[in-house]
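Just follow the structure's listing: the first ligand is 1, and inside any ligand the first atom is 1. Residue numbers run from 1 in the order of the sequence given. What you are looking at is a predicted structure, and each value in this text was computed from that prediction instead of being measured.
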Amino acid sequence: MRVTRGRLSHGPPRIVDVIPRPAHPIARPRRLRRTPALRAAVRETTLVPRQLVAPLFVKEGIAQPQPVASMPGVQQHTIDSLRAEAKELVAAGVTSLLLFGVPAAKDAQGSQAWAPEGIVQRGLRALRQDHGEDVVLYADTCLDEFTDHGHCGPLRADGSVDNDAAIASYARAAVTQAQAGADVVAPSGMMDGQVAAIRAGLDAAGLQDTAIMAYCTKYASAFYGPFRDAAECAPQFGDRSTYQLDPGNAEEGLREAAADVAEGADILLVKPAVPYLDLVWRVKQSTGLPLAAYHVSGEYAMVHAAAERGWIDGDRVMAETLLGIRRAGADLVITYAAGWMARRL
Ligand code: PBG
């Protein structure tokens, strides 16, 4: 890395850094900031609807969609309201949809996660039927929404999460999700070996074309609070710090990313987004794979809460935040504001 004219840069020297620029008159970068058209002409970062991914919650056994109090504008959907929301998103240009399910019944193993008629599988089938290949369907592949204890895998007698049993279940879930129409399965449990186990499970079932978006650097974060209301998946005891990354660790996050690449990940994911933008940049630079960053529930809720108090301009803060995530290197931005943002672009 070189530091040139106060900028950090990677790679070979650029002409702009080595050819002397006129000493007089003084440099005038403001020339290109004078009008909105000039600023737009030289803007480096784009944010367009196809780069947005909308997370959607579908709940079994409800007759009407239910708003999530801590996430304004977000609902727990019925299959019907899921279909309606997906139509609006697609009309706005958001063609990437990430499905989370809330089952009617939970058990210790989380068996509804791989049930062929599970709520996620039914939601996937409905969306595939409505949109064919015009959408990219992502399925969250985890167990915490499906286990009665709220952890991301089955428990051993001492209450710890059984890694290898968890990844075997993720593989089963990925197979039924893919069979129901998922283009991409997204393991979010941070178990060791989860990508390899899912890849092997998919391939053995003849699902070689299903892609894996790996949550490689997911931190044990306080920013997931509102999501746990929406997905009804708060751990009933303890927390997730024995499987999610410690917030102080960046090098470890890069090792996790490298392991997921080696195991066959197709897309990598960093989560949360804004407190971990260094990881967004470093994972993108070090792997070159398509990278998603998840602007999570707490990040979304904070913008709304401050805007409600009149302390910030919520629309501008949200738009600036999502653009900043792109600027840091994310190809895809997963956000509860996807529909709103797309309509504004
Ligand atoms: C777990 C999962 C979580 C989120 C996505 N998948 C919650 C957690 O780890 O507790 C959080 C997403 C958000 O906060 O928006 N399978």
List, pair by pair, the atoms of ligand 1 and of the protein that are both N or O and lie under 3.5 Å apart, giving the separation rounded to 0.1 Å.
residue: ligand 1; atom: 6 (N); partner: K271; partner atom: NZ; Å: 3.2
residue: ligand 1; atom: 9 (O); partner: K218; partner atom: NZ; Å: 2.9
residue: ligand 1; atom: 9 (O); partner: R240; partner atom: NE; Å: 3.3
residue: ligand 1; atom: 9 (O); partner: Q244; partner atom: NE2; Å: 2.8
residue: ligand 1; atom: 10 (O); partner: R228; partner atom: NE; Å: 2.6
residue: ligand 1; atom: 10 (O); partner: R228; partner atom: NH2; Å: 2.6
residue: ligand 1; atom: 10 (O); partner: R240; partner atom: NE; Å: 2.8
residue: ligand 1; atom: 10 (O); partner: R240; partner atom: NH2; Å: 3.2
residue: ligand 1; atom: 14 (O); partner: S297; partner atom: N; Å: 3.3
residue: ligand 1; atom: 14 (O); partner: S297; partner atom: OG; Å: 2.7
residue: ligand 1; atom: 15 (O); partner: S297; partner atom: N; Å: 2.8
residue: ligand 1; atom: 15 (O); partner: Y336; partner atom: OH; Å: 2.5
residue: ligand 1; atom: 16 (N); partner: D144; partner atom: OD1; Å: 2.8
residue: ligand 1; atom: 16 (N); partner: D144; partner atom: OD2; Å: 3.3
residue: ligand 1; atom: 16 (N); partner: S188; partner atom: OG; Å: 2.9

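- No hydrogens or angles considered: a donor-acceptor pair under 3.5 Å links the side chains of Q177 and T141.
- Salt bridge status for K59 with E232: present, with a side-chain N to carboxylate O gap under 4.0 Å.
- Relative orientation of the Y336 and Y294 rings is tilted, given thresholds of 30° and 60° on the angle between their planes.
- Salt-bridge annotation for E60 and R122: present, with a side-chain N of the basic residue lying under 4.0 Å from a carboxylate O of the acidic one.
- Under 4.0 Å is where a charged nitrogen must lie from a carboxylate oxygen, and between D260 and R199 no such pair does.
- W311 belongs to no hydrophobic cluster with other residues, because no ILVMFWY side-chain heavy atom falls under 4.5 Å from its own, directly or through intermediates.
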